[in-house]
2 protein chains.
Amino acid sequence: MLHILPEIDNSQALTERQKAVLDAALRLLVEEGDQLTMTAVARRASCSKETLYKWFGDRDGLLTATVQWQASKVRVAPVDGKGLDLASLTASLERFASDWLKVISSDTSIALNRVAVGHAGSGKDNLGAVVLENGRFALAKRLKPVLEAGRQAGWLDFADAETAFRTFFGLVARDVQIRLLLGDRLELTEAAIGGDAARATQQFLALFGAKTGRKADS
Amino acid sequence: MLHILPEIDNSQALTERQKAVLDAALRLLVEEGDQLTMTAVARRASCSKETLYKWFGDRDGLLTATVQWQASKVRVAPVDGKGLDLASLTASLERFASDWLKVISSDTSIALNRVAVGHAGSGKDNLGAVVLENGRFALAKRLKPVLEAGRQAGWLDFADAETAFRTFFGLVARDVQIRLLLGDRLELTEAAIGGDAARATQQFLALFGAKTGRKADS
DNA sequence: GGCGAACCGTAACGTACGGTACGGCTGGTC
DNA sequence: GACCAGCCGTACCGTACGTTACGGTTCGCC
């Protein structure tokens, strides 16, 4: 019995009890990876398996609901203002970079991406699409307006926002996510993340900064 | 019965028949993802399960052997010469970028990374380490001498080869691998790969090209 | 107080699959 | 030709887990 996902977001249709159950499933997913069992979820959430099946259909439904539930929690404020000076643009980019590094290095993100990657192999559900939509594509959607504003203000110079975004993405993430997903220990301290965010931002500005208006300190 | 991996490479200890079996397992892995069964491998390879268990110990042993077998096939020539002019350096970098994009977008690599990521969750074996060692770290090991040579010749300027490599890695891979692993369709044509390789190389040179000796065409 | 819906806990069922055992075939050795 | 090692095909075993079923409890509602 395949459940077709509602278009975007059904996290509001969840009762408090259901959210609590999904939180339990999420914790279990982080702790045990994809081999979490329905029995374990029921026990952890102090609910019956019958209830799990009634609410979520089957195991894949539960997994999907869990991923969507986590995704709905991450949704952030949609980029505040168009501060037009270079300093605030730089700060915005650094903030995005730092936030993104924190996300992809979090236990939750790693666990979710792992299960989604595993399921993408046998394409019976679209966990991968959900994760992608709420991760990399959501990031693009939030960052592009900043890039466009930077271009409007004359600080940035690029032809295609998508291409510019992907370069920024690469400069920020580098090999971090794949290494973490493959189990590489790679402790990212607060300080290291801040440094990486600053470096990536400077590199991005070096590549896409407009000819005019640069040379802030030389 | 856990089998400890020999230090680096035991692909030479395999008989032709064993290689054929591993090739069958590899094809099955690409086709079916991680839920390939021992029975399916035996049938595909026209061998008995008893033989599989005798040769590889258990399912994880077979998986590990399969991953290592594929890895042993990818090993490439260790970077030819130190062509010292900028053109050959650029060509080398583009070649690395192009090769890497081809690898990570291949069905085989995607399947292998998926199973390794899945297993990294429940850390009972080190598939992730094997994949990482033969992928991202092997690439670094081959590329760093090129970067060092470029620095020696005065074309590149960087403090740490590792950092420079990771930036190059990010510029080349961007979001490609994670999107493919998560099931995003993302057809990389030969032409697109070539273009991306050239772009990444130019960006890398813009960031790490030495002040002297640049400006080839302006 | 009676009633039904929702839900908990647990037992039970069916199946898929990892792992083992065994009989038969082949090919090499003496 | 006797013998034996290695391997194929298949049947078999045990278990884990997804899924279903059911008795008992709580809680609103009349």
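Lettering follows sequence order; numbering is per chain, from 1.
No more than 12 heavy atoms of other residues, nucleotides or ligands shown are found within 6.0 angstrom of CD on A/Gln152.
In this structure, the CE atom of B/Met38 is 16 Å from the C1' atom of C/dA21, given to the nearest Å. Going from atom CD of A/Glu50 over to atom C1' of C/dA11 covers 13 Å, rounded to whole Å. Atoms CZ (B/Phe56) and C1' (C/dG19) sit 16 Å apart, rounded to a whole Å. One can place CD of B/Glu16 at 19 Å from P of D/dG6, the figure rounded to the nearest angstrom. Taking atom CD of B/Gln18 as the reference point, atom P of D/dC8 lies 11 Å away to the nearest angstrom. Protein atom CZ of B/Arg44 is 16 Å distant from nucleotide atom P of D/dC8, rounded to whole Å. Remark: P of D/dT19 and CG of A/Leu62 are 10 Å apart, rounded to the nearest angstrom.
At the phosphate of D/dC7, OP1 or OP2 sits under 4.0 Å from a side-chain N or O atom of B/Trp55. Here B/Arg17 reaches the OP1 or OP2 of D/dC8: one of its side-chain N or O atoms lies under 4.0 Å away. For D/dC8, the OP1/OP2 oxygens have a side-chain nitrogen or oxygen of B/Thr51 closer than 4.0 Å.
In this structure, the separation between CG on B/Leu139 and NZ on B/Lys144 is 10.5 Å, given to the nearest 0.5 Å.
Considering only the side chain of A/Cys47, C/dC8 comes nearest among D/dG18, C/dA21, C/dC8. Here the nucleotide nearest the side chain of A/Tyr53, chosen from D/dT19, D/dC8, D/dG23, is D/dT19. The B/Ser46 side chain lies nearest to D/dG9 when the options are C/dG18, D/dG9, D/dT19. With distances taken from any side-chain atom of B/Arg59 to the nucleotides D/dG9, D/dT20, C/dG18, the minimum falls on C/dG18.
When each of B/Val21 and A/Leu36 is assigned the nucleotide of DNA chain D with its nearest heavy atom, B/Val21 is the one assigned upstream, toward the 5' end. Between A/Gln35 and A/Ser48, the residue anchored nearer the 5' end of DNA chain D, judged by the nucleotide with its closest heavy atom, is A/Gln35. Place A/Lys54 and A/Lys49 on DNA chain C by their nearest nucleotides, and A/Lys54 ends up nearer the 5' end.
Listed by chain and residue number, nothing satisfies the side-chain hydrogen bond (donor to acceptor under 3.5 Å, both in side chains) test with B/Ser105 (two or more places apart in sequence, or in another chain).
No side-chain N or O of B/Ser109 forms a donor-acceptor pair with one of B/Ser106 less than 3.5 Å apart.
Of the charged side-chain nitrogens involved, at least one lies within less than 4.0 Å of a carboxylate oxygen, so that A/Glu31 and A/Arg44 count as a salt-bridged pair.
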